[in-house]
A.B. asks: 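Structure below; questions to follow.
If you read the sequence from its start, that first residue is 1, and numbering goes on from there. Below, all heavy atoms of this structure are taken into account, side chains as well, without hydrogens, waters or symmetry copies.
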Amino acid sequence: MKHIVFGLVTGSIAVMFVVMLSVFMDRNVRREELENSLAEAMETTMLAWQQERQDMDHGEWTAEKLEKTLVQYLVGQIASDSELIVEVLAADSEKGLLSARAVERFRYPVGQEGEVECTRTILADSIEPAQQNSDRQHTVRFYLSREDMEQGSTAYKQMVVMHGDSLIQPGEPRMLPENTGSFVEWRDAGDYLADFSQRVEEDLCYYAVFE
């Protein structure tokens with residue numbers, strides 16, 4: 001009897017440890033993804049501001065337009081199973097200043113609710129010259145299957161990346177279709193293993209592989 005009780009207690013502790021580890025890792029992935037996505041969206045927004053400022057009266061770029069552009073770029077990069085809240089803390093179209101706070105609310109695989117947040121401030125003058133000289137943007141789409149990609153279905157996630165920038169590797173897909181196994185890897189349109197270290201020079205598509 002003692003051995004049975006000991007085994008049950010040990011098993012329960014092991015299960016709790018695995019659950020806690022899963023929650024910890026998922027939270028870290030979410031936070032890193034949100035931080036990277038917010039940084040990318042803010043830089044892309046300010047680059048668009050710089051480009052149009054050269055072509056027109058920069059008075060056209062109001063604080064409201066800065067905010068809407070930021071949200072547009074950011075929403076496409078965040079997992080579709082999340083609730084995203086964006087609060088613009090400061091937006092100065094004259095100085096090229098943008099400060100924002102992003103909050104992502106989600107559910108862990110075990111059903112528990114979670115939340116991560118980050119805050120970032122950027123000045124147009126702080127963007128590297130190499131970025132300032134590039135005015136081309138590329139759309140990168142991620143699909144849950146090769147079939148979705150080939151049929152042109154709605155992408156699971158979409159990013160807008162400046163020409164020559166590196167791509168932010170997304171975390172594991174969430175809100176998966178029924179009967180989907182465990183996530184294995186991302187593959188590109190040529191069916192090769194995705195290489196996210198390469199610079200983006202054209203529109204790209206990736207699809208998830210499950211087992």
Side-chain angles (χ1 to χ4, degrees), residues 25-52 54 69-82 84 98 100 102 104 106 116 118 120 122-177 180-211:
M25 293 179 63
D26 191 39
R27 180 180 178 81
N28 283 346
V29 169
R30 294 267 190 174
R31 179 185 289 111
E32 182 178 358
E33 185 178 47
L34 181 62
E35 291 174 349
N36 291 337
S37 297
L38 180 61
E40 182 76 28
M42 292 182 74
E43 288 184 2
T44 304
T45 298
M46 296 315 298
L47 285 168
W49 171 83
Q50 287 178 319
Q51 182 62 32
E52 291 195 25
Q54 296 173 359
T69 304
L70 171 62
V71 173
Q72 175 186 349
Y73 285 131
L74 184 58
V75 166
Q77 302 185 46
I78 300 300
S80 57
D81 66 333
S82 304
L84 181 65
L98 187 60
E104 181 185 0
F106 56 93
V116 293
C118 65
R120 184 177 176 85
I122 187 172
L123 280 168
D125 293 341
S126 67
I127 303 177
E128 296 179 4
Q131 292 176 303
Q132 294 180 5
N133 293 331
S134 175
D135 58 359
R136 286 194 292 166
Q137 298 177 352
H138 301 293
T139 301
V140 181
R141 295 180 175 88
F142 294 86
Y143 296 89
L144 292 179
S145 69
R146 184 178 180 84
E147 290 73 20
D148 286 351
M149 180 184 69
E150 293 176 341
Q151 295 172 7
S153 302
T154 302
Y156 163 75
K157 181 176 293 189
Q158 179 172 307
M159 300 180 182
V160 176
V161 183
M162 299 305 298
H163 182 83
D165 280 359
S166 296
L167 184 63
I168 300 172
Q169 179 173 351
E172 293 188 12
R174 303 176 181 89
M175 283 191 70
L176 305 179
T180 300
S182 301
F183 173 75
V184 178
E185 61 194 12
W186 291 105
R187 287 188 172 270
D188 61 24
D191 203 30
Y192 293 102
L193 180 64
D195 182 1
F196 296 109
S197 66
Q198 299 297 315
R199 300 289 181 177
V200 177
E201 298 181 349
E202 60 183 345
D203 291 349
L204 298 171
C205 291
Y206 297 93
Y207 70 93
V209 177
F210 300 90
E211 65 177 9

A.B. asks: Please list all pairs passing the salt bridge (Lys or Arg N to Asp or Glu O under 4.0 Å) test where one or both residues lie in residues 189-208, with sequence neighbours left out.
C.D. replies: R146-D191
A.B. asks: Looking at F142 versus Y206, is the centre-to-centre ring distance below 6.0 Å?
C.D. replies: yes
A.B. asks: Looking only at heavy atoms, what is the nearest atom pair of F210 and P173, with distance?
C.D. replies: CZ-CG, 4.2 Å
A.B. asks: Output the distance between atom CG (N36) and atom CZ (R120), rounded to the nearest 0.5 Å.
C.D. replies: 9.0 Å
A.B. asks: If you define the side chain from C-beta out and look only at heavy atoms, does anything of Y207 sit under 4.5 Å from S145?
C.D. replies: no
A.B. asks: H163 and H138: side chain to side chain contact (heavy atoms under 4.5 Å, CB included), yes or no, with the steps?
C.D. replies: CA-CA 6 Å; H163 182 83; H138 301 293; 2.8 Å; yes
A.B. asks: For the residue pair A155 and R141, what are the closest heavy atoms and their distance?
C.D. replies: CB-CB, 4.0 Å
A.B. asks: Any heavy-atom pair between the side chains of Y143 and C205 that's under 4.5 Å?
C.D. replies: yes
A.B. asks: Can you name the nearest heavy-atom pair linking L38 to A100, along with the distance?
C.D. replies: CD2-O, 4.1 Å
A.B. asks: Is it true that, when you exclude E35 itself, more than 12 heavy atoms of the residues, nucleotides or ligands shown sit nearer than 6.0 Å to its CD?
C.D. replies: yes
A.B. asks: Look only at the side chain of D165 and the backbone of V161, and say whether a donor-acceptor pair between them is shorter than 3.5 Å.
C.D. replies: no
A.B. asks: Let's go through M42 and L70 carefully: what are the C-alpha distance in whole Å and the side-chain angles of both, what is the deciding distance for side chain to side chain contact (heavy atoms under 4.5 Å, CB included) to 0.1 Å, and is it a yes or a no?
C.D. replies: CA-CA 6 Å; M42 292 182 74; L70 171 62; 3.6 Å; yes
A.B. asks: Quick one: does W186's side chain get under 4.5 Å of F196's, heavy atoms only?
C.D. replies: yes
A.B. asks: Out of curiosity, L84 CG to L34 CG, how far, rounded to the nearest 0.5 Å?
C.D. replies: 7.0 Å
A.B. asks: Dump the intermediate steps for side chain to side chain contact (heavy atoms under 4.5 Å, CB included) on L193 and E185, then the final yes or no.
C.D. replies: CA-CA 7 Å; L193 180 64; E185 61 194 12; 3.3 Å; yes
A.B. asks: For a 4.5 angstrom cut-off between non-hydrogen side-chain atoms, does D148 reach T154?
C.D. replies: no
